[in-house]
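Only one structure is covered here, and it is reproduced in the block below.
Here the structure is a predicted model, which means the values were calculated and not measured.
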Amino acid sequence: ASGEVFKPASGLYELRYDPAKWKLASSSFPDGDTAVIHVQTQIELNAISQKAARTTIDAFKKEFVESLQQQGSETTIKEEKVIRVNEKPVTSLTMSGKTEGMPWTVRALLWAGEAGTIKVIAGYPDEAPQTVRDEMETLLNGFMIP
């Protein structure tokens, strides 16, 4: 796949992206590595990693889900599955919720291991066009743990 590769200071992952569709920016999370912003719609994906945060994936997931529930009402997990990224188990979550009556979807990839933790979080309004959702999935598929 053509494109650029973002590597965080933590060295815990890489993210491949198409610079014609996405641009890098500062993360809106205080401890975030980067935001990847959709050029046309300004929808953003945030990537956050921490070295040696030593936690279990279950505790990490619970903390993440609770943080979302504090931000938006009616947050529910629609799909949870474990995918393999370079032979490492990564939790893939699809969540739905509403903020001020506006429905949204969050796609997240979570990983916790000996080296630390990684969160890749993409949220978009449910009215986002299917093409944008597809581009978001392509971006998520560009996530790699070396």
Side-chain angles (χ1 to χ4, degrees), residues 4-18 21-86 88-146:
E4 300 287 321
V5 178
F6 171 79
K7 294 180 184 178
S10 71
L12 290 176
Y13 66 93
E14 297 175 0
L15 190 62
R16 287 160 178 71
Y17 66 98
D18 179 348
K21 294 178 178 161
W22 300 93
K23 65 178 193 269
L24 296 180
S26 295
S27 176
S28 52
F29 290 83
D31 52 352
D33 299 323
T34 191
V36 188
I37 302 189
H38 191 257
V39 174
Q40 286 177 301
T41 64
Q42 306 305 302
I43 287 172
E44 76 180 50
L45 173 145
N46 279 273
I48 303 153
S49 63
Q50 293 180 313
K51 278 199 133 153
R54 294 205 196 283
T55 183
T56 65
I57 188 63
D58 288 337
F60 191 50
K61 182 183 75 190
K62 183 173 183 283
E63 175 201 331
F64 172 70
V65 172
E66 285 173 356
S67 72
L68 271 189
Q69 287 169 336
Q70 287 163 7
Q71 291 170 33
S73 59
E74 303 165 52
T75 304
T76 52
I77 297 174
K78 287 180 10 189
E79 183 187 52
E80 176 178 345
K81 60 187 178 185
V82 174
I83 59 172
R84 307 296 290 182
V85 176
N86 208 15
K88 294 175 176 74
V90 173
T91 299
S92 170
L93 294 175
T94 303
M95 306 174 70
S96 61
K98 284 184 181 170
T99 303
E100 293 167 12
M102 297 294 294
W104 46 259
T105 297
V106 166
R107 289 280 293 114
L109 300 177
L110 305 177
W111 177 82
E114 282 294 301
T117 58
I118 306 167
K119 284 187 280 207
V120 179
I121 310 160
Y124 51 84
D126 283 359
E127 75 240 19
Q130 188 61 45
T131 52
V132 175
R133 295 168 187 232
D134 292 346
E135 286 170 13
M136 185 66 78
E137 286 300 319
T138 300
L139 182 62
L140 288 165
N141 288 335
F143 171 74
M144 175 63 68
I145 300 174

Inset, instruction - Please round to the nearest 0.5 Å and tell me the distance separating atom CG of Leu15 and atom CG of Leu139. - result: 5.0 Å

Legend entry - Flag, side chain of Lys23 to backbone of Val39, donor-acceptor distance under 3.5 Å: no

Legend entry - Where Lys98 and Pro103 come nearest, the two heavy atoms and their spacing: CG-CA, 3.9 Å

Legend entry - Where Ala35 and Glu44 come nearest, the two heavy atoms and their spacing: CB-OE2, 4.1 Å

Legend entry - Considering all heavy atoms, the nearest Trp111-Ala115 contact: CH2-CB, 4.3 Å

Inset, instruction - Kindly indicate whether the side chain of Val36, heavy atoms from C-beta on, has any atom under 4.5 Å from the side chain of Leu24. - result: yes

Inset, instruction - Would you give the length of the straight line joining atom CZ of Arg133 to atom CD1 of Ile43, rounded to the nearest 0.5 angstrom? - result: 9.0 Å

Legend entry - Audit row: Met136, Leu45, side chain to side chain contact (heavy atoms under 4.5 Å, CB included) steps and yes/no: CA-CA 8 Å; Met136 185 66 78; Leu45 173 145; 4.1 Å; yes

Legend entry - Option passing side-chain contact (heavy atoms from CB on, under 4.5 Å) with Leu68 (candidates Ile77, Leu93, Thr76, Val106): Val106

Just list the side-chain donor-acceptor pairs under 3.5 Å for residues 118-128, sequence neighbours left out, or say none.
| residue | atom | partner | partner atom | Å |
| --- | --- | --- | --- | --- |
| Asp126 | OD1 | Thr105 | N | 3.2 |
| Asp126 | OD1 | Thr105 | OG1 | 2.6 |

Inset, instruction - Would you check if the side chain of Asn46 reaches a backbone N or O of Ser27 as a donor-acceptor pair within less than 3.5 Å? - result: no

Inset, instruction - May I have all residue pairs that pass side chain to side chain donor-acceptor pair (under 3.5 Å) and include part of residues 137-146, sequence neighbours excluded? - result: Arg107-Glu137

Legend entry - Arg16 side chain to Phe143 backbone, donor-acceptor under 3.5 Å: no

Legend entry - Residue pair Gln69, Val65: steps toward the side chain to side chain contact (heavy atoms under 4.5 Å, CB included) verdict: CA-CA 6 Å; Gln69 287 169 336; Val65 172; 3.7 Å; yes

Inset, instruction - Rounded to the nearest 0.5 Å, what's the gap from CD on Glu74 to CH2 on Trp104? Could you check? - result: 9.5 Å

Inset, instruction - Check whether any side-chain heavy atom of Ser92 sits under 4.5 Å from a side-chain heavy atom of Glu80, and report yes or no. - result: no

Legend entry - CD1 on Ile48 to OG on Ser28, rounded to 0.5 Å: 8.0 Å

Inset, instruction - Look up atom OG1 in Thr34 and atom OH in Tyr17, then write down how far apart they are to the nearest 0.5 Å. - result: 7.5 Å

Inset, instruction - For the residue pair His38 and Trp22, categorise the inter-ring angle as parallel (less than 30°), tilted (30 to 60°) or perpendicular (more than 60°). - result: perpendicular

Inset, instruction - For Leu12 and Gln50, work out which heavy atoms get closest and say how close. - result: CD1-O, 3.6 Å

Inset, instruction - Mark yes or no for whether Asn86, through its side chain, and Met144, through its backbone, hold a donor-acceptor pair below 3.5 Å. - result: no

Legend entry - Gap between atom CD of Glu14 and atom CD1 of Ile145 - 0.5 Å precision: 10.5 Å

Inset, instruction - Go through Val85 and Tyr13 one step at a time and tell me if the side chain to side chain contact (heavy atoms under 4.5 Å, CB included) criterion holds. - result: CA-CA 10 Å; Val85 176; Tyr13 66 93; over 6 Å; no

Legend entry - Heavy atoms of other groups near Lys62 NZ, more than 12 under 6.0 Å: no

